[in-house]
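A note on names: the letters A, B, ... follow the listed sequences, proteins ahead of strands, and every chain is numbered from 1. Since the model is a prediction, treat every value here as computed from it, not as a measurement.
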Protein chains: 2
Amino acid sequence: MSKTKTNLRIIPLGGLGEVGRNMMLLEYGSSILIIDMGFRLPEEDMPGIDYIIPNISCLRGKEKNILGIVFTHGHYDHIGAVPYLIEKIWSPGEAFRQRRTPPGRPNLPIFASPLTRGIILKRQDDFPAQPKLEIQEVKDGTIVKLGPFKIEFFRQNHNIPDNLGLFIETPIGNILHTSDFKFDPAPVNDLPTNFQKLHNFSKRKVLLLLSDSTGAEEEGHSLSEKEISKNLEQIFRMAAGRIIAATFASLINRIQQIISLSEKYGRKVIVEGYSMKTNVEISKILGYVKAEKGTIIKAKEVENYPDSKITILCTGAQGEGSAILMKIAQKEHPFLRFKKSDTVIFSSSVIPGNERTVQILKDDILRQKTKVFHYKMMDIHAGGHAQKEELKEMLKIMKPKFFFPIHGQYSMLVTHGEIAKSLGIPEKDIVIAENGQIINLNQKRNFIEKKTVPSNYVMVDGLGIGDVGEVVLRDRQMLARDGMFVIVAIVDRQTGQVRGSPDIISRGFVYLRESKVLLAQTRKKVIEIVNRAAGSGGAVNWSYTKDEIRNKIGGFLYTKTQRRPMILPVVIEV
Amino acid sequence: MSKTKTNLRIIPLGGLGEVGRNMMLLEYGSSILIIDMGFRLPEEDMPGIDYIIPNISCLRGKEKNILGIVFTHGHYDHIGAVPYLIEKIWSPGEAFRQRRTPPGRPNLPIFASPLTRGIILKRQDDFPAQPKLEIQEVKDGTIVKLGPFKIEFFRQNHNIPDNLGLFIETPIGNILHTSDFKFDPAPVNDLPTNFQKLHNFSKRKVLLLLSDSTGAEEEGHSLSEKEISKNLEQIFRMAAGRIIAATFASLINRIQQIISLSEKYGRKVIVEGYSMKTNVEISKILGYVKAEKGTIIKAKEVENYPDSKITILCTGAQGEGSAILMKIAQKEHPFLRFKKSDTVIFSSSVIPGNERTVQILKDDILRQKTKVFHYKMMDIHAGGHAQKEELKEMLKIMKPKFFFPIHGQYSMLVTHGEIAKSLGIPEKDIVIAENGQIINLNQKRNFIEKKTVPSNYVMVDGLGIGDVGEVVLRDRQMLARDGMFVIVAIVDRQTGQVRGSPDIISRGFVYLRESKVLLAQTRKKVIEIVNRAAGSGGAVNWSYTKDEIRNKIGGFLYTKTQRRPMILPVVIEV
């Protein structure tokens, strides 16, 4: 390792202080390496928003400096922002445009494991306007040299196959990025953690450890998938009728478990739900889901088999309104209905914020007398993230000089930092950072620059990317709370008086048919306000008049209802 | 017990299939006894709604048959609907009006323990238009005879003092209503569960057990408050600076623990937050919170003491936006700011649905370098509800013929029912019911009538009770998702053509300043639609024209944005 005076700069654009939206830049000199490009789901107070993606405006003008993108695994919180962002870092700049040629070579070097690649490319199909991506396959042991960075990919256990950690040699020292991970001595469809390899990295000296913090607040060790299989098998053994197993479409390993158990117990599997079908398809093609010929049958074939020989594998374990499980529960599915003899399995944890929806769905299913198993009753779901003891183990193996907890809510980063402190890493060498901060690092020390780069939420809503900002969101929240109240007054230019009766259009405020008196009183007040303004002689200040309507009618409606609808006055002179 | 051919009818109006809004009627012949009158909080998809209360329309016309109301305890899910409902069951009917006299006697017999009574009456102060309530105090051992019902109140442990279960003698047999309860061998500010008394009730034969199901899905035994005290004390022992303890204002026992520990460690206590202040005040007056003179100080006196001698007891452990903890975290509190040396305690569980808000608050506090303890890290909160083992014990003691699990989500009722089944109660004697159903009961059997009474949500929003229904809510949800888009077109009556350019008022859809092209295109389309309709000669069908605008502009905007704002066309002829 040569000595250098240039600092490595690490710029997290997402994934710190939040779960999801993972994206990080490593910058050395002018060279930039991108790790992951994920999205996250909106908060409850962001109605209408589909996703939140990283703000990459700090890359503007630096596109030509981007050496490439490496993806750790195929979960959307690591790859989901690709269709929204890839073009922006791809297109402009003369030098960069030149690099797109000669044809046949990757436009922008992108690296991912086969399954990750498959999932990214499949998703691109949903965005037909997108450029065709070329992604180079990497696997355990692959070494890629990009400018000052030499990246060695290594296998890490998680709840999706083909998850890769990164060992990165840089001019200032070696960085180990764990990706999302857990240690699993008995995984499904995967090899157990290769501790020997981890120790070998450690022997080569780890200057900086970047480690997944999502499980940092959970005590002990994450459950092994083998345990989960055992418990799931108990359910399979007892079930007399159909088994309806709902999980995340991205939990490829769980999907495999359910397929394997179905085969063991002579059940055919029907796969329902768009994302579930897609993922099973890709994973089967790439060999990450293994099913005997004839195990997976078409939905229509269900009637050829007795209930005791059927498993339905579907989406909707989070109570999502549009997913299959909810459709069956609400009797809106084209042909599936719950029966008393069914057994429903919720094989996933509940994402914080979804607890109520899942409870309501569970209740709806129970009302149909169906049996329900969920992860709180039995260990039929294991998280994909290392818990306290595993995180300790990782730290103990790597013995890094610097430690930078990544991926997680602020409280998780803090807790992970405390774990490191308890193992003897000095506080000054532990980096608890925020998105948009610039962490400088050399062999000796680390510091966070005062300057930050923009890292605010970029919201995706329909076709709009970033066009829904604070103003639109605040309006949506206000509209949601007390509705809106539009007042249209036509004023005669000659007389300065309101013509006829003002129109009122209101939604979400009160039930209009039952509020005739209130509306009549309001109209009268509007006429008074407008006539007073116009009748004062001279030029009418319509903007002032509108403010008057907004304030006075707002106050009046509040007195009558204690609600504050959004008041929108329209005054038109004719 | 005399034999009778009349069935007892039990009508739950709330509290089944939900947590909160507890209210139940016992009807024998024409006589009606009301147990509790609570509210619940709205779901996430009910923006703007303050509370949900029971629908009591089935009592209309039967007011004179109401013998009285008994309240089990002072939590809002058992008393919160009083100010909204009490007048309705109180007023009409000649016979009933006569019963209001002679003065000096209760208008409508209401029974509650001293603390419950204090909380109900204090809350009535917030509703000055309400009639003055007279509430008769009852306590452990009090027997009240109301028509065919003889009610004996008995002490039950919960997390508020003065909680009373009901043993009710009826002509068909004895009913035991547990109220919310847990078995606590070492409670705070309360006596341990009186098992002897429970056994005595059992000896008198329990025909029907109505038992709290809120904790039915939790394994084992609820934690004793003594355990909680021990853990809280650890925090008190370690804390170098101020302790900021947030909990529910209704957790009177927890409040006592924090006050007692403060006294033990020489700390003065500042009480912050309206509901917290109110509850501490009532409880102190009635002797349910005990504090030495000088322990509780005024907020302004805080500066007279070093940080190590201060406890701040406040609201906001659920991340409520308007509560004290959030105000301090967001630097909006008039004088309190977090310091690095502070210790913040979240001493309450997280209500399902609030997980995200609590996480965000916790992160905000941690960013200010303050220490945070929450119930997931340490047992510093115990639920108030009996868990599986306690529920079993209650069933074993009572040995009821019929079992009717109450208070809880449907899944909790089902689980509680299964517990009873596992103890040998036949399925046919277990009543899993829904709000609004009428459960008939005699010595021999129970059945649910086909007919139900209305039990839908009655929503309270500001001054409106029940005026926000499905329509208004659906509009709010739609407005929240994609905003609204009002189009005002003025049409010249003579020419039938649009005058000038249509006005567009939109909020929550797109940021208008950045959407000028879209708006111009929309205006053009509106003019085309209106002119075509009006130009066709003959009378114009404005309603059809408006539909055209709604559909065509809706489609156009969706193509451009993939959003569906609520489109509201206004066409005015001048």
Leading residue by heavy atom contact count with chain A [cutoff under 4.5 Å; candidates B:Gln409, B:Glu219, B:Glu218]: B:Gln409
Engaged part of B:Val488 at the chain A interface, taking heavy atoms whose separation is under 4.5 Å: side chain
A:Ile572 and B:Arg499, any side-chain heavy atoms less than 4.5 Å apart: no
Contacting moiety of A:Glu355, where chain B heavy atoms sit under 4.5 Å: side chain
Under 4.5 Å from a heavy atom of chain B, the part of A:Leu366 involved: both
Region of A:Met566 in contact with chain B, defined by heavy-atom distances below 4.5 Å: side chain
Those residues that, when tested against A:His416, pass ring-ring contact (aromatic ring centres under 6.0 Å, His included) (two or more places apart): A:Phe403
Max heavy-atom pair count under 4.5 Å with chain A, selected residue of B:Arg563, B:Gln562, B:Glu18: B:Arg563
Minimum side-chain heavy-atom gap B:Ile505-A:Val570 below 4.5 Å: yes
Contacting moiety of B:Glu217, where chain A heavy atoms sit under 4.5 Å: side chain
Atom pair CG (B:Leu479) and CD (A:Gln477), whose distance is rounded to the nearest 0.5 Å: 13.5 Å
Side chain proximity check, B:Asp467 to A:Tyr511, heavy atoms < 4.5 angstrom: no
Under 4.5 Å from a heavy atom of chain B, the part of A:Arg367 involved: both
Atom group of A:Glu434 that falls short of 4.5 Å from chain B, counting heavy atoms: side chain
Greatest number of heavy atom pairs closer than 4.5 Å to chain B - which of A:Thr357, A:Ile432, A:Ile490: A:Ile490
B:Arg356 (side chain) donor-acceptor with A:Glu44 (main chain) under 3.5 angstrom: no
Greatest number of heavy atom pairs closer than 4.5 Å to chain A - which of B:Leu473, B:Asp461, B:Val510: B:Asp461
Non-hydrogen side-chain atoms of B:Arg507 and A:Met484 separated by less than 4.5 Å: no
A:Asp503 versus chain B, the contacting section by heavy-atom distance below 4.5 Å: side chain
Which atoms of A:Ile360 approach chain B - backbone, side chain, both or neither, heavy atom under 4.5 Å: side chain
Contact check, side chains of B:Lys560 and A:Leu463, non-hydrogen atoms, under 4.5 Å: no
Top contributor to chain A interface from B:Val372, B:Val350, B:Asp363, B:Val472 [non-hydrogen pairs under 4.5 Å]: B:Asp363
Residue, of A:Ser411, A:Gly464, A:Gly462, that accumulates the most heavy atom pairs under 4.5 Å with chain B: A:Ser411
Among the listed options A:Leu568, A:Val471, A:Asp45, A:Val414, the residue most often paired with chain B at heavy-atom distances under 4.5 Å: A:Leu568
Leading residue by heavy atom contact count with chain B [cutoff under 4.5 Å; candidates A:Glu514, A:Glu43, A:Lys362]: A:Glu43
For A:Arg481, all residues meeting side chain to side chain donor-acceptor pair (under 3.5 Å), sequence neighbours excluded: none
